[in-house]
Amino acid sequence: MTEYDYGPALREISKSISVMFDEIRDVERSVDRLTGDVGTVQRDLNSTHEDLRKLRAAFNEFVAQTERNAAIQRAETKLGNLKDELDRQFGHYAVVRRTSIGTLQAFDVGNVSDAAVTRISEELMIQSPRYWLAPALVGLAAWSRDDEEIASKSIAEAFKRDAAKTSLFFALVLRRMGRSEAATRWLKHYLSSQSSTGLTREFAVILESAAQGAFGPGGAQLLSSQLRDWNIGLRLDDAVVTAQVDEWVEEIRNNALELDAHEYKELQELSPDFRALANLLSAASALGATAEKYRGIRESTPKTSALAADMLDDLLEQLVTEYDAEELPLQREVAFNQAVLDTNGDLVRAKSLSDQYTRALEETIDAVTLQTRTAISPSLMGVSEQTQRVSIGAGQADFIAAVKQYTRGYRENAKTSARIYMGPDHCPLAEQLGFSKYETTTAVDETDALVGLQRVWEETVAGLVEEHTFRLNKFGFPIGLAVAVAIIAFAINPLFGLLVALGGGGGLYYWINQKKTDSEKKIREVRSTQSVAYEQSKSVLIDARAAFTDMMYEYHELDSEESALVQLIETWPTATSKGESDDEI
Amino acid sequence: MAREVRLATSGVVASEVNSLCLDVLHKIVSEEPATHLELRNRQVVRRPELLEAIRNLDASQDLKYQESLIEWIRDAYEQRYSGVLFALFARCYLGADFIDHQTTLAGSIVEHYSSQESVPAIFAKARSLAANPHYLYVEIYSDGEVIPVRHDGSCG
């Protein structure tokens with residue numbers, strides 16, 4: 001049997017194998033280059049993600065602002081329309097009102113003829129059916145020309161149409177003319193027509209005018225004791241007291257400040273409990289803000305209570321212009337739209353503010369609530385700061401109870417720790433390396449939390465490390481192939497086989513060693529990336545924990561403002577205990 | 001009706017807001033709703049002696065002393081006619097390593113809650129209130145009302 005010459009075939013195979021190895025090496029180099037490129041792409045992707053996050057936040061803010069602007073524009077339009085509507089429906093009352101003030105001023109000057117006044121008042125009487133002011137005006141005109149019969153008839157008619165307002169009107173008019181005894185009689189009429197649980201809104205004007213001394217000492221005394229009696233009677237009912245406390249609680253709550261969107265951002269990004277904590281801080285901030293507001297009220301210089309005729313005219317005008325029940329629904333709408341403008345488009349706060357306004361515009365109110373509201377929203381009730389100060393003094397106990405109730409309300413929900421959730425995107429490298437998640441809380445010791453974080457990072461990179469770890473069994477195929485080739489070569493020619501074995505073995509050994517070094521290098525890179533990532537992660541976590549500590553510190557500072565507020569209320573200058581002071585209302 | 005009194009105290013480092021424990025005084029009683037008078041009496045200012053007794057609950061580890069204190073506190077509350085007290089919560093100022101759960105003789109049980117532990121749901125609000133430095137301790141009545149008590153004995 002001739003021996004087949006395997007030499008050329010083997011050389012061919014050998015050549016092919018080395019070409020293959022070369023190609024494999026080329027492929028490896030390409031893969032490395034590609035990995036580098038992927039790294040670059042990854043970095044770009046990270047910065048793009050960062051930009052996208054910023055863009056999303058900016059966009060959300062923009063959308064919110066646009067909504068607010070739209071609400072403001074709607075409110076402005078509506079406000080214009082409502083004011084026109086009010087004018088259209090109730091404009092003619094305004095004529096009567098102006099005429100009554102004008103008449104009084106004309107009497108003062110004495111330059112208008114009786115005939116003119118009589119004619120105008122009679123015209124208005126005909127033109128304004130059911131309105132009480134018209135016959136009152138006729139009565140005034142008749143009185144000025146000494147026509148007793150017409151005067152009594154007219155005043156009786158006015159009294160029939162609206163007893164309370166007529167009494168009040170004449171009380172003020174007579175006072176204006178210096179007839180304080182008669183004025184006080186009319187005031188008594190007025191007070192007796194009032195029920196303590198159903199005071200009409202102009203009572204606030206009475207309060208104001210008495211505080212300004214419009215009825216003289218007699219009138220002020222009368223009013224003060226009446227109010228005191230009503231208070232004592234009404235406060236027997238716990239529900240009334242609770243209602244006052246609730247109104248004060250809402251007043252305190254309306255003074256709460258919102259946390260800035262950028263504050264404590266480090267915690268905001270990681271904690272699902274952030275909103276609750278921010279609400280806590282916001283609630284606690286109301287204490288200091290309320291104290292400041294009321295300190296301002298207490299310390300503002302009282303305006304000189306000059307009883308100029310102008311001022312009484314103002315009161316009269318207020319009486320005749322502000323308090324007609326038919327206009328109420330439209331006035332409520334006006335109040336809401338005005339509130340939208342005032343709160344810059346924040347519909348929720350506008351609703352709450354306008355509810356407060358609306359309550360002030362309500363038709364009837366009890367004496368205690370009236371005092372509370374003159375203390376809380378004096379401008380809405382039409383009273384001055386002086387009256388407000390006195391009312392605050394009267395409602396001292398309610399205010400303090402409200403502070404206690406309010407503070408208890410947010411303290412119940414106080415947290416002593418916050419959850420921290422570190423997700424796949426908490427830092428740039430987390431996304432790149434496939435970080436899953438790490439949950440911890442601020443209550444956990446910092447060292448323990450960091451250990452846990454380190455563990456998650458270990459798990460995260462474990463896959464990569466595993467991938468790159470040198471394992472001999474990966475090279476099973478090449479080694480097997482080399483052994484097979486060596487055996488075949490050996491079978492052909494032992495010497496040749498030996499050469500092939502040595503060459504192949506050497507080459508294989510060199511190649512495998514190269515692989516091993518490469519994989520070690522790769523693992524070192526992974527580890528160094530891991531440690532950079534861990535440092536990033538660690539600083540994010542530590543910043544969040546620090547932000548939490550700062551938040552808690554600020555909360556405690558705000559919370560301790562309670563004692564300053566309570567002290568302010570307790571030392572309120574015009575505070576009187578019920579039944580003691582004589583001339584304070 | 002058998003009344004079992006259990007007292008729980010735990011140790012905490014008071015200066016740290018985060019590590020917080022609770023004192024719980026349990027009283028297992030009947031579930032009658034409180035009368036109007038009893039509700040009013042809950043607003044009455046607590047006597048300084050009562051406040052002192054509650055402060056002293058933490059002060060010593062002596063079980064006999066604690067038991068006698070509990071007796072005294074129980075009687076003091078009965079005299080207030082403010083309904084049935086179910087539990088008292090307070091922060092305590094023993095060292096942080098005192099997180100024990102002890103069951104003692106004569107039905108007085110001392111329970112400790114550390115900051116990591118969560119308490120039964122009904123006590124969650126009381127725990128937040130007790131954590132606040134403005135309140136000395138918190139009363140929990142059997143009808144569910146939770147009343148924080150300030151350092152001067154007034155409520156709310």
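Residue numbering restarts at 1 for every chain, and letters A, B, ... go by the order of the sequence lines. FYI, side chains are in, hydrogens and waters are out, and symmetry mates aren't considered; it's all heavy atoms of this structure.
Annotation: side chain of A:Thr407 is not in contact with side chain of B:His134 (no heavy-atom distance under 4.5 Å).
Between the B:Ser128 side chain and the A:Asn413 main chain, no donor and acceptor come within less than 3.5 Å of each other.
Other residues, nucleotides and ligands contribute over 12 non-hydrogen atoms within 6.0 Å of the NZ atom of A:Lys293. The environment of B:Glu145 atom CD is dense: over 12 non-hydrogen atoms of other residues, nucleotides or ligands sit within 6.0 angstrom.
One finds the NZ atom of A:Lys404 at 5.5 Å from the CZ atom of B:Arg150 (value rounded to the nearest 0.5 Å).
A search for side chain to side chain donor-acceptor pair (under 3.5 Å) contacts involving B:Arg40 returns A:Asp238, not counting sequence neighbours. Under the side chain to side chain donor-acceptor pair (under 3.5 Å) criterion, A:Glu292 pairs with no residue at all, not counting sequence neighbours.
Between the side chains of B:Tyr135 and A:Arg408, not a single donor N or O lies within less than 3.5 Å of an accepting N or O.
Residue contact with chain B, scored on non-hydrogen atoms closer than 4.5 Å, involves the side chain of A:Tyr555 exclusively. The contact between A:Glu412 and chain B is made by backbone and side chain atoms together, counting heavy-atom distances below 4.5 Å. In this structure, no portion of A:Ser563 lies under 4.5 Å from any heavy atom of chain B.
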